[in-house]
Amino acid sequence: MAQPSSKSPANDSRIDFEGELNAEQYSAVTSLEGPHLVIAGAGSGKTRTLVYRVAHLVLQGVHPESILLLTFTRRSAQEMLRRAVGLLDERCHRVSGGTFHSFANITLRRYADRLGYSNSFTIIDRADCVDMIGILRTEGGYERQGRRFPRAETLLNLFSKEINTHRPLEELLEADYGQFVDDLEAIRELRKSYAERKREHNVMDYDDLLVNLRDLLAEHPVARRQLTSTYRYIMIDEYQDTNRLQAHIGALLAASHRNIMVVGDDAQSIYGFRGANFRNIIDFPQIFEGCETLLLEQNYRSTQPILDLSNAVLEKAREKYTKRLFTKLEGDEKPVLLRTTDEYTQAEYICEKVLALREEGVSLQDIAVLCRAAWHTNSLELELNNRNIPFKKFGGIKFVEAAHIKDVCALLKIGVNPLDAAAWFRILQFFEGIGPKTARGLADGVVADGGALGSLVAPKVAKRKYGADLASLKGLLDKISKPRQPLVERLDTTLETYQLWMPKKFDDTPRRVRDLEALAVIAERYSELEEFLTDLAIDPPDFSRPAAVSGADNEDEWMTLSTVHSAKGLEWNTVFLVQMNMGRFPGYNSLQDADDYEEERRLLYVAVTRAKRRLYLIKPEEQKGRGGYFEVAELSPLISEIDRLNQLVDDETYAPAPEEDDWQGDGSTAASADQLKRIQDYFG
DNA sequence: GGGAATGCGTTTTTT
DNA sequence: ACGCATTCCC
């Protein structure tokens, strides 16, 4: 389809825009100048609209480089541009696209000096931030005399929320952590030293990327002029999940030319916990006067019964949303509300159903199991493994957050920079006999020696039970710290040694080794460690584990297990929604606050609108309660409060056939009883 | 007595 | 997988 890229005239007719889009989509695609707000319901062809608009802009003679497409994940940006290339031609690959964070990363490298950073700044992930705050917290002696002081993680949450929601620290403390109101001053102090420490180390966390980009645009007119003349057409996807800071950045980018189109769905805002506010959508016309608003309400994804349920989910919302979905798709299969005895029968049912669907010719690729929290599918994963049904899991603990991946990264960091105290602190505790205190001492020793490793094998240390481990650590670091080694070579050497250490520490070494192999594959694309780590932080691989089980023949066919959050924007023929119980979905912790509860409702809306033809809401009648033992579970209030529920879903119960007792009545029972008695007589 | 290991209970969601 | 509390070891 990609044709030799001869310059096409503006009236190129290879694409029949009018025929391939509905009236609203067409209008969004062909409006060029000025501010536009597109409110696009679930499955209304939002992505299609953006893809066609990119193609249309390019056909109109707009330079691809001057189009900026900001999306929620880098993957969705790539996917859109890939589709635009398919629709038009290679020029669409030159469109600038990515997440706010990746765009900030690229931009800030160019302007780092104006903000007082060097352009080789590194990006630290959440765990690194927590470590850094933890160290400052100890250093500052904040935890005096048994007085409770917020944990490092709590502090990070506070700082981050303050930045992303633009609410003062004081107010946040009062709202969520009343017990620490007295510590306000100390917390402010710590916030300041955290900011300073990051500057000293030339690192930025996720929030710094956004704050610095905003400051660059707001306070450096020259940079702003350069950027706004480079990016002439701004498009922002998933606008309902942007926070105040991101909205500000978007507005500043479009300040001079006002060519900005934001696309989103207020009913699908599910990142409030991260500071996102769907009011950004509602308020957009206030910021950009004369903004044209377009509404995409026709759904091209789901059958009417699924949409009926989706609309019903929103009906009880405290706040009305801007639209209501309809479809022309045929189909009369109602969603099923399926009751199983417990979590295990839930897993069993899904497996049986999946196998049956596969018999009918439904590919595993068309099936997804969605959950509120990643651990909700734990027992299902076991059952799928038992039955050799291949799956991939998305969401939850990420690949890059796993202990073994972090260990290897720490080793690589030290190889390149032996003064990286945080990396030392981490890797030293890998070894038996070394805890926080010893690690601290050893790390300080190396840093004090200017990065020389001699202190690791000093006689005093060598005598300890971890002496040999440290010698082996030094051996590895000596090898990988030689300059001018390609990253892959350093990584290979590291993995070789690390794998020898693993069995002493982990029960499941083989699985972890597979993760490390995946890491090695990713690393092949990079030559610089810094670049590799930056990309891992900004655009982490989003699967938690490589596809589980099964023969190599199945490797390209697997079903999806995913958190609802990670399922955003995706769709499947058949969707199972698990654990539809009070306490699970919604979780207990969202019952206190009405806003949190409303977000759970939108989350359920996102979940049900992922399904094209078949939807199963599964409700175990018992679940593990607080004591760890099974208790009767209530149906999720998000479901039970729906009016005329029984008209919208088929209410079914799954009763697995009881296991047949082959032994009964054939005489062998008696024989085995006799045998048991003899065994007991012998062994006592 | 300091520091590490072990065991237990609990588990949002993520750039 | 992690925090927290208790137990164990040097």
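Naming convention: chains lettered A, B, ... in sequence-line order (proteins, then strands); numbering from 1 in each chain.
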Query raised in the report: Within the structure shown, what part of the strands sits under 4.0 Å from A:Y271 by heavy-atom distance: base, sugar-phosphate, or nothing?
Result: sugar-phosphate
Report task. Specify the separation, in whole Å, of atom CG of A:L245 and atom C1' of B:dT14. Result -> 16 Å
Query raised in the report: Hey, is the side chain of A:T438 poking within less than 4.0 Å of OP1 or OP2 on B:dG3, counting only N and O atoms?
Result: no
Report task. Not counting sequence neighbours, which residues clear salt bridge (Lys or Arg N to Asp or Glu O under 4.0 Å) with A:E383? List them please. Result -> A:R387
Query raised in the report: Got a salt bridge between A:D241 and A:K568, using NZ or NE/NH1/NH2 to carboxylate O under 4.0 Å?
Result: yes
Query raised in the report: Can you tell me how far P of B:dA5 sits from NZ of A:K504, to the nearest Å?
Result: 12 Å
Query raised in the report: Between C:dC4, B:dT13, B:dT15, which nucleotide gets closest to the side-chain atoms of A:F273?
Result: B:dT13
Query - Phosphate contact (B:dT14 OP1 or OP2) by A:S566 side-chain N/O below 4.0 Å - result: yes
Query - Residues A:D407 and A:K505 bridged, charged N to O under 4.0 Å - result: no
Requested in this report: Return the value, rounded to whole Å, for the distance between atom CG of A:D237 and atom C1' of B:dT15.
Outcome: 15 Å
Report summary line: 5'-most contact on DNA chain C (nearest-nucleotide basis), A:F506 vs A:R464, goes to A:F506
Report task. Indicate whether OP1 or OP2 belonging to B:dT11 is found under 4.0 Å from a side-chain N or O atom of A:R584. Result -> no
Query raised in the report: When we call it a touch if two heavy atoms are under 4.0 Å apart, what does A:A402 touch: a base, just sugar-phosphate, or nothing?
Result: nothing
Report summary line: When rounded to whole Å, the NE2 to P distance for the pair A:H565 and B:dT15 reads 10 Å
Report task. Return the nearest nucleotide to the side chain of A:E432; candidates are B:dA5, B:dT15, B:dA4. Result -> B:dA5
Report task. Check every atom of C:dG3, B:dT15, B:dT13 against the side chain of A:R126 and return the nucleotide holding the closest atom. Result -> B:dT15
Query - Contact nearer the 5' end of DNA chain B, comparing A:F431 with A:A373 - result: A:F431
Requested in this report: Select base, sugar-phosphate, or nothing to describe what A:E599 touches, counting heavy atoms under 4.0 Å on all strands.
Outcome: nothing
Query raised in the report: For A:F100 and B:dT15, do the ring centres fall under 5.5 Å apart while the planes stay under 30° apart?
Result: no
Query - For atom CG of A:L370 and atom C1' of B:dT13, their distance in whole Å - result: 13 Å
Query raised in the report: Choosing from C:dC4, B:dA4, B:dT15, which nucleotide comes nearest the side chain of A:R274?
Result: B:dT15
Query raised in the report: Using 4.0 Å as the upper bound for N to carboxylate O, is an ion pair formed by A:D265 and A:K46?
Result: no
Requested in this report: For A:N105 and A:S102, test the side chains for any donor-to-acceptor distance below 3.5 angstrom and give the result as yes or no.
Outcome: no
Query raised in the report: Whole-Å distance between B:dG3 P and A:I434 CD1?
Result: 14 Å
**Report entry** A:K505 NZ to B:dA4 P, straight-line distance once rounded to whole Å
**Finding:** 12 Å
Query raised in the report: Counting side-chain heavy atoms from C-beta on, which of B:dT15, B:dG3, B:dT11 comes nearest to A:K437?
Result: B:dG3
Requested in this report: Indicate whether OP1 or OP2 belonging to C:dA1 is found under 4.0 Å from a side-chain N or O atom of A:R512.
Outcome: yes
Report task. Output yes when A:R318 and A:D595 qualify as a salt bridge under the 4.0 Å nitrogen-oxygen rule, no when they do not. Result -> yes
Report summary line: Rounded to whole Å, the CD-P distance (A:E598 to B:dT13) equals 21 Å
Report summary line: 5'-most contact on DNA chain B (nearest-nucleotide basis), A:S590 vs A:L210, goes to A:S590
